[in-house]
Colleague: 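One structure, as structure tokens, below. Some questions next.
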Amino acid sequence: NDNMFSKQVKKIVSGNKKRFQEGGFDLDLTYITPRLIAMGYPSHGMEGKYRNSANEVYRFFQERHAGHFRIINLVSERAYDLEMFHGSVARYPFP
């Protein structure tokens with residue numbers, strides 16, 4: 001089963017990090033406070049199978065925080081799809 005394989009690989013990639021597993025979500029994401037979330041970079045294609053799927057991250061924010069979120073990208077080598085997140089992305093890359 002592709003879905004079972006994907007879940008196992010996500011568990012291996014995450015290591016001992018706590019994953020957000022509620023409401024059908026399985027994301028490398030955690031609430032630091034009720035208004036601050038840390039998460040792994042949302043990915044597309046094959047990488048999205050073992051990391052956070054960008055589509056699932058989008059669904060998460062639409063279902064749980066619609067209209068009330070801002071994603072801050074701290075990754076220097078990747079940029080978010082601004083259209084996907086309706087422009088709610090700021091970029092502050094670490095060197």
Colleague: Taking all heavy atoms of Ser76 and all of Pro93, pick out the closest pair and write down the distance.
Modeller: CA-CB, 3.4 Å

Colleague: Ignoring hydrogens, what is the shortest heavy-atom contact between Phe85 and Pro42? Give both atom names and the distance.
Modeller: CZ-CG, 4.5 Å

Colleague: Using ring pair (Phe, Tyr, Trp, His ring centres under 6.0 Å) as the criterion, list what pairs up with His86, not counting sequence neighbours.
Modeller: Tyr58

Colleague: Going by salt bridge (Lys or Arg N to Asp or Glu O under 4.0 Å), name the pairs with one or both residues in residues 64-75, residues two or more places apart or in two chains.
Modeller: Glu22-Arg64

Colleague: Got Phe20 and Ile37 here, is their nearest side-chain heavy-atom distance under 4.5 Å?
Modeller: no

Colleague: Who pairs with Glu63 by salt bridge (Lys or Arg N to Asp or Glu O under 4.0 Å), at least two apart in sequence or on another chain?
Modeller: Arg59

Colleague: I need the Ile72 CD1 to Arg91 CZ distance, nearest 0.5 Å.
Modeller: 13.5 Å

Colleague: Could you list the residues that satisfy salt bridge (Lys or Arg N to Asp or Glu O under 4.0 Å) with Glu77, not counting sequence neighbours?
Modeller: none

Colleague: If the condition is side-chain contact (heavy atoms from CB on, under 4.5 Å), which residues does Glu47 pass it with, not counting sequence neighbours?
Modeller: Ser43, Tyr50, Arg51, Arg78

Colleague: Any side-chain heavy atom of Met39 sitting closer than 4.5 Å to one from Ile71?
Modeller: yes

Colleague: Is Glu56 close to Leu27 at the side-chain level, that is, under 4.5 Å between some pair of heavy atoms?
Modeller: yes

Colleague: Please answer whether the main-chain N or O of Asp28 pairs with a side-chain N or O of Asn52 as donor and acceptor at a distance below 3.5 Å.
Modeller: yes

Colleague: With sequence neighbours excluded, tell me which residues meet side-chain hydrogen bond (donor to acceptor under 3.5 Å, both in side chains) with Tyr31.
Modeller: His65

